[in-house]
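Down below is the structure, laid out as structure tokens.
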Amino acid sequence: MTTASSADHPTRRDFLFVATGAAAAVGGAAALWPFISQMNPDASTIAAGAPIEVDLSPVAEGQDIKVFWRGKPIYISHRTKKQIDEARAVNVASLPDPQTDEARVKSGHEQWLVVIGICTHLGCIPIAHEGNYDGFFCPCHGSQYDSSGRIRQGPAPANLPVPPYQFVSDTKIQIG
Amino acid sequence: MSGPSDYQPSNPALQWIERRLPILGLMHSSFVVYPTPRNLNYWWTFGAILSFMLGMQILTGVILAMHYTPHADLAFKSVELIVRDVNYGWLLRNMHACGASMFFFAVYVHMLRGLYYGSYKEPREVLWILGVIIYLLMMATGFMGYVLPWGQMSFWGATVITNLFSAIPYFGESIVTLLWGGYSVGNPTLNRFFSLHYLLPFLIAGVVVLHVWALHVAGQNNPDGVEPKTEKDTVPFTPHATIKDMFGVACFMLLYAWFIFYMPNYLGDADNYIPANPGVTPPHIVPEWYYLPFYAILRSIPNKLAGVIAMFGAIIILCFLPWLDAAKTRSSKYRPLAKQFFWIFVVVCILLGYLGAQPPEGIYVVAGRVLTVCYFAYFLIVLPLLSRIEKPRPVPNSISDAVLAKTGSRSTPMVSTAIVLALAGSLFAGSVDSAKASEGSDQPPGNKWSFSGPFGKFDRGALQRGLKVYKEVCASCHGLSYVAFRNLSEPGGPGYSVAQAAAFASEYKVKDGPNDAGDMFERAGRPADYFPSPFPNEQAARAANGGAAPPDLSLITKARSYKRGFPWFIFDFFSQYQEQGPDYVSAVLQGFEDKVPEGVTIPEGSYYNKYFPGHAIKMPKPLSDGQVTYDDGSPTTVAQYAKDVTTFLMWTAEPHMEARKRLGFQVFVFLILFAGLMYFTKKKVWASSH
Ligand code: FES
């Protein structure tokens with residue numbers, strides 16, 4: 001700004017430059033917002049992520065089903081007595097991500113395990129009824145989950161997360 | 001960009017880079033110390049404005065591509081989803097669509113400025129030719145971009161423009177097939193246009209770099225057309241030119257924002273809100289306003305091949321301009337005759353543009369031919385002749401002399417004419433609407449709408465009543481397939497609560513499936529569902545309605561319009577009149593008459609409607625007094641029903657209209673303040689240089 005020498009008082013000139021610069025900065029920052037905000041899920045995606053209801057009556061003991069909610073696979077396992085007992089017999093303190101089986105199911109519905117079927121390592125889909133713990137086995141890097149969906153072995157750091165859900169009746173749950 | 005620079009950054013890290021890649025020095029010499037003539041006027045800011053617009057188009061385009069689906073079955077819908085569901089999607093789409101028009105408007109000003117001041121003359125021929133190449137690339141890009149929304153104008157514009165190449169002898173047909181990737185314009189065409197529309201802007205950016213490079217080698221021309229001789233003739237680019245350019249851009253943004261927030265459809269065509277239909281051509285195929293002069297030239301020549309050659313020739317001839325005009329004096333300021341002919345040429349272009357939007361019949365054809373001859377005569381006869389016979393006025397010795405002489409007398413009349421004409425040019429597009437004439441029908445009467453004007457809002461009561469009318473009357477034949485039940489509870493809509501919208505949705509039966517057994521089943525509607533259509537497909541709709549499928553109503557108020565004509569479309573720009581669609585829809589609903597006027601015959605199975613184009617409409621009179629009960633005490637008359645349902649359909653066509661106008665006001669307050677600040681900053685910076 002060396003050429004803009006004039007008889008004016010320098011502070012007035014500075015104020016003008018600062019005000020203009022500040023206005024440009026504020027306007028530019030505000031204008032950025034729509035360009036960032038548009039990357040978020042759009043209204044139809046959000047609406048499609050509404051809760052879903054699942055009928056459990058056709059799922060026999062020892063079977064499990066996979067449903068999709070918000071694009072994520074949800075495993076719903078109808079556990080056998082043996083699976084439940086195994087899950088409850090473990091010393092919780094010895095687990096990598098300590099959590100009791102009771103905390104991972106709804107009381108009164110212990111036979112139902114509902115977990116998000118996404119490996120907590122890097123997002124692959126574990127296979128049900130495989131591995132050494134009567135639970136899930138992730139083929140990508142060998143993580144093994146037990147019959148409560150808790151991590152037991154392998155690189156995954158955490159248990160399979162439990163999605164928000166509740167029982168609307170004895171044979172029907174609402175996920176979400 | 002001329003020679004190594006002696007620029008040395010003080011920061012050691014920058015020094016380290018500078019020794020290995022002198023990019024900072026390049027920037028410094030090109031955009032900081034670069035000497036710029038001190039007599040440049042505001043027409044010279046359009047270079048910066050164009051750079052700004054190119055940046056804007058690339059930025060918004062890259063973002064729109066994140067949400068757009070280039071498939072013939074999904075493209076139209078995906079654009080609607082961008083506008084309705086993506087956060088600020090309506091804003092980004094308006095910025096991109098209006099941005100194209102603004103880009104062309106700026107490029108025309110920039111080109112005419114070059115023409116007026118002789119900026120194409122020695123030693124700037126290559127600079128000028130690079131500019132013509134950019135312009136050609138822009139035209140190709142703009143055309144392909146217009147195809148992507150896959151509306152009726154997109155589809156038929158693509159058909160007509162690609163068919164231009166069929167005029168080429170022997171190879172024409174094969175070239176057209178090659179362009180289409182099929183036997184007609186279809187999905188492969190759309191896919192490749194999308195790919196190329198994404199590619200070409202980066203080519204443009206590349207040629208712009210060459211253009212700027214050439215500019216910095218030859219130096220900028222200036223209004224007096226004399227080369228800078230001493231230091232006194234120039235000022236450093238930064239801050240002088242930068243601040244002036246930024247002020248120019250800020251002013252331009254005001255115009256741009258006017259379109260984005262208040263007139264987003266002013267420059268478009270209502271037909272493009274109708275999904276592409278390969279079986280029906282719109283009554284008038286009209287390209288975007290920026291192609292109209294060339295379209296007029298194409299149509300005024302009765303031979304196919306000759307027409308195509310003339311159209312392309314009208315652009316290519318610009319490349320030869322430096323040699324067609326051999327006059328030594330650059331600026332028309334000192335060429336009294338050239339100046340007059342320049343303005344005549346501008347008028348010829350504007351009139352050609354006007355004709356391009358008119359139906360090709362009668363007087364319009366004759367006028368088109370005369371003006372086509374004038375267009376070419378300017379380049380081939382007037383300019384070569386003038387350079388021989390014209391006696392220019394003496395040019396000033398130097399730029400500083402010119403600046404000193406100017407301080408007393410200002411040549412304002414020329415500038416004001418230019419502004420008026422430029423404005424007229426920018427308004428041209430309005431005639432696109434007027435070309436889409438609804439012949440043989442009365443002009444729909446204007447209504448007072450709560451949603452018109454810069455502060456317009458929807459009348460909630462009318463929206464709720466309109467929904468009732470739609471549900472009880474229209475819905476038996478017309479779908480509303482872009483509107484979801486959840487929209488009813490969104491801000492700016494009819495104002496229902498989430499629970500009310502869910503209850504409304506649950507009254508509908510929606511087809512879903514397949515279930516585990518592979519069967520489709522029906523269930524109660526949810527807020528995420530869309531209004532179910534009354535017919536399973538278009539054929540069923542056609543069969544049930546005497547051969548005419550009732551159109552989907554989601555976009556009807558934007559997909560219908562009527563001829564405004566000159567000079568109305570110019571007033572509309574200032575008054576923000578945007579309600580052709582609602583006026584038309586409400587008029588048609590009330591335009592049924594049992595008594596067919598003398599001399600009009602209505603075919604069997606059709607009804608007479610005063611406002612429907614051609615008067616014979618397949619829809620029987622849908623509304624009668626007292627048909628729908630209102631709980632809020634509003635009159636149960638046809639006029640009231642029409643008003644309510646039209647308001648409702650305006651909302652379904654643009655659910656974010658209130659947000660658009662609200663944000664528009666905020667943006668305007670900011671831009672006016674900012675432009676004011678820029679103006680005073682610019683004055684300060686230049687204080688010592690005048
Ligand atoms: S993603 Fe499952 S083990 Fe790596």
Side-chain angles (χ1 to χ4, degrees), chain A residues 1-60 63 65-70 76 174 176, chain B residues 56 59-60 62-64 66-67 81-82 84-93 95 235-236 238-240 243 246-247 250 253 482 484-487 490 502 515-516 523 526-530 655-656 663 666-667 670-671 673-689:
Chain A
M1 309 281 159
T2 45
T3 32
S5 65
S6 70
D8 278 289
H9 197 271
T11 52
R12 225 190 99 201
R13 193 181 72 208
D14 288 349
F15 172 75
L16 183 62
F17 291 154
V18 168
T20 312
V26 169
L32 261 184
W33 176 241
F35 293 91
I36 295 165
S37 171
Q38 54 84 23
M39 300 274 271
N40 270 318
D42 66 28
S44 65
T45 309
I46 292 169
I52 55 164
E53 284 193 349
V54 183
D55 181 12
L56 303 178
S57 52
V59 189
Q63 258 192 345
I65 57 168
K66 206 194 301 180
V67 296
F68 277 88
W69 177 64
R70 295 195 168 169
I76 304 175
Q174 189 194 47
Chain B
M56 254 2 232
L59 180 66
T60 52
V62 166
I63 284 172
L64 289 175
M66 294 180 191
H67 303 283
L81 291 186
I82 290 175
R84 286 157 194 268
D85 287 341
V86 173
N87 298 340
Y88 294 99
W90 59 269
L91 174 64
L92 296 162
R93 200 239 169 158
M95 283 172 88
V235 287
T238 301
H240 293 80
I243 205 83
M246 277 159 64
F247 174 59
M253 277 160 86
Y482 295 115
F485 297 120
R486 63 184 155 85
N487 296 139
E490 279 164 12
N515 60 15
D516 294 341
R523 58 165 174 78
R526 300 179 190 139
D529 290 321
Y530 289 80
H656 298 301
L663 187 59
Q666 293 163 355
V667 167
F670 173 80
L671 279 181
L673 277 174
F674 182 62
L677 278 172
M678 285 300 297
Y679 175 74
F680 289 112
T681 307
K682 184 248 149 197
K683 256 182 91 159
K684 272 280 184 274
V685 166
W686 280 80
S688 59
S689 310

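So that the names make sense, note that chain A is the first sequence line, chain B the second, and so on, each numbered from 1. Not measured: the values here are computed from a predicted model. All heavy atoms count here, side chains included; hydrogens, waters and symmetry mates do not.
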Please classify the contact between [X] and chain A as side chain, backbone, both or neither, with a heavy-atom cut-off of under 4.5 Å.
| X | answer |
| --- | --- |
| B/Phe680 | both |
| B/Met253 | neither |
| B/Met678 | both |

Between [options], which shows the greatest number of heavy-atom pairs under 4.5 Å with chain A?
| options | result |
| --- | --- |
| B/Asp85, B/Leu671, B/Asn87 | B/Asp85 |
| B/Val86, B/Thr60, B/Ile82 | B/Val86 |
| B/Ala528, B/Gly89, B/Pro527, B/Ala250 | B/Ala528 |

Region of [X] in contact with chain B, defined by heavy-atom distances below 4.5 Å:
| X | value |
| --- | --- |
| A/Ala19 | both |
| A/Pro58 | neither |
| A/Ala31 | neither |

Q.
Has A/Ser37 got a side-chain atom pairing as donor or acceptor with A/Trp33's backbone, closer than 3.5 angstrom?
A.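 Checked: no pair found.
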Report task. Not counting sequence neighbours, list each pair that qualifies as a salt bridge (charged side-chain N to carboxylate O under 4.0 Å, His left out) and has a residue in residues 47-57 of chain A. Result ->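 Salt bridge (charged side-chain N to carboxylate O under 4.0 Å, His left out) check on residues 47-57 of chain A returns A/Glu53-A/Lys172.
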Taken in chain and number order and not counting sequence neighbours, the residues that satisfy salt bridge (Lys or Arg N to Asp or Glu O under 4.0 Å) with A/Asp42 are none
All heavy atoms of B/Pro239 vs all of B/Val685, minimum pair found to be CG-CG1, 3.6 Å
Closest heavy-atom pair, B/His656 versus B/Arg84, reported as atoms and distance to 0.1 Å, is NE2-O, 2.7 Å
Pair count under 4.5 Å, heavy atoms only, with chain B: among A/Ala48, A/Ala24, A/Gly49, A/Ala30, highest is A/Ala24
Checklist entry - Are side-chain heavy atoms of B/Trp686 and B/His240 found at a separation under 4.5 Å? => result yes
Under a 3.5 Å threshold, yes or no: a donor from one side chain and an acceptor from the other, between B/Arg486 and B/Tyr530?
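Present: a donor and an acceptor within the cut-off.
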